[in-house]
Peer 1: 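The structure is given below, and queries will be raised subsequently.
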Amino acid sequence: MTSPEQIFGWAGQAAMIGWLILIFLPRRWPQLLWLPRFIIPFGLSLLYAGLAMAHFFTIEGGGYGSLDEVAALLGNREMLLAGWVHYLAFDLFVGGWIAVEADKVGLSRVIQAPILVATFMFGPVGLALFLAMRAGYFRKQEAAS
Amino acid sequence: MSDTMFQPRMPLLPQLDDDLVTRLLLALGLFMVASFVVFIPAWLLDPRILDGANVWTKPQKFNVSLALHFFTLAILAQQVPRATRSGWIMVGFAYAAALSLMLEFVWISIQAGRARRSHFNFETPMEASMYALMGLGAFLLIAVAFVLAIQIWRKGDRSRPGLRWGSILGLSLGFATSLVFANYLSAHGRYVGGDPDYVGAVLPFFGWSREIGDLRPAHFVSLHLMQTLPLAGYLADRMNWPAIPVVLGLAIVQVGIAIALFLQALAGQPMWPV
């Protein structure tokens, strides 16, 4: 049985590869984006599914109904790891979406980089940053086309 | 993008050209606005105080000021032909400003989150060298304005003299006076006649002292020549006022105010005493 620490390390490295591709590598080869957009989030999601399904139902007093229940859930190391993998998977997927949308509007990589780093470090902060920026772009789309 | 179904436009200013530099400058302004919006909850929820103000007030001032700066540059850049705007000089300085902005933004935000000063901070080697690096960044942030002023002077649209001279004077004077005041500020600290950790009565949001000499009001007034003079020139064109006297008159008045505020601060007096 692989230890939670070992899984934590592997999951983190997989996510890191995805973020490095999103932030630094050129967008000349669209296939390269499959890794951060789909393949790594899919792998992490499968890992989450395994961890969560194996442990969620076994935790005494655990659930989503109150902060205490969530605390009980995350008090379990395997479930805590599952929660972390959940962050990694969804943050990376959102990062991939941001990168693709940002490329579509011609947003410079210089500005994409801090938004993606914010998403990598503090998921929703980066998402909110990009959503707020995108609100500045899209409203006149019909008029322009 | 070649896809005609997908023509992104900036609704704020749909009449602007869609070249690389305009897009970059506009996006930088937009990024600052987005950052301002995203930091509002932290501003409201975080009780920590630094130098008498909420820790997030500093990045918020920075976000507002630079949003204004980059929107101004994007709009004023429309006066030069597209070839000039997309030439290597403008592209180079616009990218240098963009990279500087990102460096400053990230560092100021991190330091705010840590409730540490981003400016005037020599407490650790890292903080001292970042402060030095930010000096270069700040120079590059306003250098692009001066370069644009030169381009407008050489190749700008001459049909609107108010906007033209307002832009040239505003951008170059704003650049030059900011160099002088900001240089003095960074060398001597913001307060005159008080220790750097002084906390007393301040102006809301701006945080300028109302008890001792504060060099920042002069810096503020001179920096925003970049907005006031082009706007005055634009209005002069619209209203058929004599363009040159309006722009030049306001330039003299505003630089005069900045110098007066500077001398007042040097004398150790607050701009708006309690």
Side-chain angles (χ1 to χ4, degrees), chain A residues 16 19-20 22-30 33 37 67 87 90-91 94-145, chain B residues 1-42 56 59 63 66-67 70-71 74 91 94-110 113 140:
Chain A
M16 197 65 202
W19 283 109
L20 289 175
L22 277 187
I23 296 171
F24 293 109
L25 291 197
R27 300 275 164 75
R28 211 172 310 147
W29 308 286
L33 277 180
R37 287 186 72 199
L67 208 49
Y87 282 162
F90 276 43
D91 287 355
V94 168
W97 177 79
I98 290 174
V100 169
E101 291 293 309
D103 281 352
K104 279 188 197 165
V105 295
L107 183 64
S108 167
R109 294 288 297 275
V110 178
I111 306 172
Q112 285 189 37
I115 296 176
L116 290 172
V117 170
T119 312
F120 169 50
M121 295 289 293
F122 308 104
V125 173
L127 178 63
L129 263 181
F130 183 68
L131 289 177
M133 273 202 80
R134 212 185 70 147
Y137 274 97
F138 284 85
R139 239 168 299 145
K140 281 273 174 69
Q141 209 175 305
E142 286 85 349
S145 61
Chain B
M1 297 302 291
S2 55
D3 190 352
T4 48
M5 295 287 288
F6 200 92
Q7 262 304 338
R9 299 307 268 166
M10 297 266 193
L12 298 162
L13 302 153
Q15 66 274 44
L16 299 196
D17 197 5
D18 196 22
D19 63 292
L20 180 70
V21 165
T22 303
R23 218 161 49 218
L24 183 61
L25 294 171
L26 261 185
L28 290 171
L30 210 49
F31 179 77
M32 290 285 96
V33 172
S35 306
F36 181 81
V37 172
V38 171
F39 281 159
I40 288 174
W56 297 101
N63 292 342
L66 282 156
F70 283 106
F71 283 139
V91 170
Y95 268 105
L99 287 167
S100 305
L101 178 69
M102 291 314 158
L103 172 93
E104 304 234 344
F105 169 76
V106 170
W107 181 244
I108 287 175
S109 306
I110 290 175
L140 290 172

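Lettering of chains follows the sequences in order, A, B, ..., and the numbering in each one begins at 1.
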Peer 1: Name the one of B:Leu26, B:Leu25, B:Val33 that satisfies side chain to side chain contact (heavy atoms under 4.5 Å, CB included) with B:Phe70?
Peer 2: B:Leu25
Peer 1: Anything under 30° is parallel, anything over 60° is perpendicular, the rest tilted; go ahead and classify A:Trp97 against A:Phe130.
Peer 2: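 The rings of A:Trp97 and A:Phe130 stand perpendicular, inter-plane angle above 60°.
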Peer 1: Do the side chain of A:Arg27 and the main chain of A:Leu22 share a donor and acceptor less than 3.5 angstrom apart?
Peer 2: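 Yes: the side chain of A:Arg27 pairs with the backbone of A:Leu22.
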Peer 1: Checking heavy atoms, do the side chain of B:Leu28, its backbone, both or neither come under 4.5 Å from chain A?
Peer 2: both
Peer 1: Where does A:Ile111 contact chain B at under 4.5 Å (heavy atoms): side chain, backbone, both or neither?
Peer 2: both
Peer 1: Given a strict heavy-atom distance threshold of 4.5 Å, which part of B:Tyr95 is in contact with chain A: side chain, backbone, both, or neither?
Peer 2: side chain
Peer 1: Run the ring-ring contact (aromatic ring centres under 6.0 Å, His included) test on B:Phe31 and B:Phe105 for me, step by step, so that the C-alpha distance in whole Å, both residues' side-chain angles and the decisive distance to 0.1 Å come before the verdict.
Peer 2: CA-CA 10 Å; B:Phe31 179 77; B:Phe105 169 76; 5.0 Å; yes
